[in-house]
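Okay, structure first, notes after.
Everything quoted here is computed from the prediction, not taken from an experiment. The chains referred to below are lettered A, B, ... by the order of the sequence lines, with proteins before strands, and numbering in each begins at 1. Keep in mind that the numbers below use all heavy atoms, side chains included, and drop hydrogens, waters and symmetry copies.
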Amino acid sequence: MSSLYRLRAITRPHNLSPHRPLTRLSLTQPHPFRPSPTSPAQTNLSPPQKSYSTATTSPENTQPQHQHRQQNNHHDQNQQSQNEPTPPFPPLHPLRLLLSYLKLLALAHLIWNNLLSLAPAQGPSMLATYPITGTWHLTSRLSRLGRNLSVGDIVTFTLPDRPSAIGVKRVIGLPGDYVLIGTPGPAADDALMLQVPEGHVYLVGDNLPASNDSRIFGPVPLGLIRGKVIASMEPSFTRGPFANFEWVRNPMKKTEPPTREEVLAARDLE
Amino acid sequence: MAPRWTSWIPKKGSFARQFGHYLFRYATWLPAFIWFNSYVAQVTLVNGPSMYPFLNRGYNEGLGRDWCLVWKAGVREGLRRGEVVTFRNPTDPDKIVVKRVVGLEGDRIIPKPVATWGTDGPTRKVLYPVGMVVPEGHVWVEGDNRDRSRDSNYYGPVSAGLVTGRVVYVLRGWRLVRVVPEVPGRGVVRA
């Protein structure tokens with residue numbers, strides 16, 4: 001039966017049929033002088049093609065070439081090449097893969113510096129709020145350079161006197177606010193007020209006795225602000241990566257200035 | 001014979017589909033260019049006369065501004081006196097300022113008088129103590145044009161963390177000039 005088929009193929013070309021329109025010769029059709037393309041031994045005899053991918057096996061190698069030619073064919077003849085898988089995306093050309101990887105790295109670095117970052121912090125300066133070690137802060141970098149800051153936010157910033165170090169403190173004064181320079185309390189020597197200069201913020205740690213902050217190095221320029229801490233967690237091997245996860249709440253509430261009646265009532269009480 | 005990796009580019013398809021494909025391919029380069037501009041090097045224009053005559057030499061003659069190449073990688077560690085640096089304005093973090101580093105940390109500075117508002121009207125005053133020491137981690141920057149420059153004489157020493165880049169090449173006309181640190185001969189006593 002197969003020999004009869006081959007005889008017919010010799011005498012009459014397979015694409016000159018009254019039932020099918022005249023099309024270009026397809027290499028996937030069985031041809032008496034060309035072995036079947038799906039056999040593994042055929043790869044050496046296929047027309048030379050430049051193949052850049054090294055990670056694919058030979059039967060797959062021949063399929064996309066036929067698929068490429070199939071696209072030029074306006075008539076889908078061959079059932080076996082319609083269900084072939086398309087090559088994987090992204091492309092497997094090694095140089096292009098490296099380039100795609102580098103582009104992804106650049107995007108990741110941009111996201112880390114401009115959108116969201118996660119880093120550990122240690123030190124006793126925020127002790128009532130955060131322990132000395134083990135806390136990881138999720139920082140929103142949308143608040144870098146002092147955008148969208150309000151009093152009471154916890155921010156990360158580059159230390160003004162040590163640019164290689166990063167600190168975590170709370171915002172006490174925005175530009176134009178009046179802040180106490182020293183430590184609040186009965187000591188009267190450093191009871192001075194300062195108006196925070198334009199473009200600067202006053203940062204103070206929660207643990208006042210053990211905090212190196214704006215009371216020591218002065219107001220911090222907004223250009224050094226890296227971001228606002230929006231969440232914290234204490235990951236550990238026993239309790240998991242999100243142990244003690246909590247969103248940071250700003251404890252300050254906006255208050256309205258007292259009305260005239262409240263001021264008069266307060267005066268009457270004295 | 002087309003290489004294997006091109007077979008996923010739509011060869012036949014609507015114009016919108018092909019346009020969308022190429023747009024996506026070229027748009028994936030955008031983060032790479034933005035990253036390069038932010039962290040490696042950037043070509044930028046310089047505004048203003050504060051570094052005259054080093055930059056914007058034609059400030060009084062026309063509208064042309066100087067192009068310069070700003071190197072951004074590894075700038076904060078190797079600051080030297082006389083370098084032209086870019087940094088964020090301490091009074092407005094969204095603005096980038098170009099000035100020359102005159103004093104490093106520990107140097108004693110003789111500040112220049114700046115135009116301020118005195119009790120009777122505009123005066124020129126020295127805002128910082130003569131002979132002040134530049135604090136640790138800070139630099140003293142000044143513009144070459146002493147009268148038209150708002151620099152450390154006005155807002156004090158600048159934290160080195162604000163420095164974003166270093167000007168390495170300036171395009172003057174058709175010549176590319178490499179910027180060499182030149183320390184102006186003025187009142188700086190080195191540490």
Taking non-hydrogen atoms and a cut-off under 4.5 angstrom, which of residues 199-211 of chain A neighbour chain B?
A:G199, A:H200
Just verifying a value: how many Å separate B:E77 CD and A:S164 OG, rounded to the nearest 0.5 Å?
8.0 Å
Among residues 138-148 of chain A, those lying within the under-4.5 Å heavy-atom range of chain B are A:L145, A:R147
Taking side chain as everything from C-beta outward and backbone as N, CA, C, O, which of these in A:P197 sits under 4.5 Å from a heavy atom of chain B? Side chain, backbone, both or neither.
neither
Looking at side-chain heavy atoms only, is the closest gap between B:S159 and A:L224 below 4.5 Å?
yes
From B:I34 CD1 over to A:H109 NE2, what is the distance, rounded to the nearest 0.5 angstrom?
13.5 Å
Point-to-point distance, once rounded to the nearest 0.5 Å, from CG of A:N114 to CH2 of B:W35:
13.5 Å
Count the heavy atoms of every other residue, nucleotide or ligand shown that sit under 6.0 Å from CD of A:E198, and state whether that count exceeds 12.
no
Which atom names give the shortest non-hydrogen contact between B:P31 and A:A106, and what distance separates them?
O-CB, 4.1 Å
Atom CZ of residue position B:R150 - does it have more than 12 heavy atoms of other residues, nucleotides or ligands inside 6.0 Å?
no
Within 6.0 Å of OH in B:Y155, more than 12 heavy atoms from elsewhere
yes
Give, for atom NE2 of B:H138 and atom CZ of A:F217, the distance between the pair rounded to the nearest 0.5 Å.
10.0 Å
Does B:R148, at its CZ atom, have more than 12 non-hydrogen atoms belonging to other residues, nucleotides or ligands within less than 6.0 Å?
no
Could you list all the salt bridge (Lys or Arg N to Asp or Glu O under 4.0 Å) pairs where at least one residue sits in residues 31-46 of chain B, not counting sequence neighbours?
none
What's the shortest heavy-atom distance between B:A32 and A:K103, and which atoms?
CB-CG, 4.2 Å
Answer yes or no: is there a side-chain heavy-atom contact under 4.5 Å between B:W29 and A:L99?
yes
Report, one line per pair, each donor and acceptor closer than 3.5 Å where one atom sits in a side chain of residues 39-49 of chain B; sequence neighbours left out.
{"from": "B:Y39", "atom 1": "OH", "to": "A:N113", "atom 2": "ND2", "distance (Å)": "2.6"}
{"from": "B:Q42", "atom 1": "OE1", "to": "B:K72", "atom 2": "NZ", "distance (Å)": "2.7"}
{"from": "B:N47", "atom 1": "OD1", "to": "B:R65", "atom 2": "NH1", "distance (Å)": "2.4"}

So, the part of B:P90 with a heavy atom under 4.5 Å from chain A: the answer is both
Which one of A:I225, A:L222, A:I111 has the most heavy-atom pairs closer than 4.5 Å to chain B?
A:L222
Go through the atoms of A:L104 and report whether side chain, backbone, both or neither lie under 4.5 Å from a heavy atom of chain B.
neither
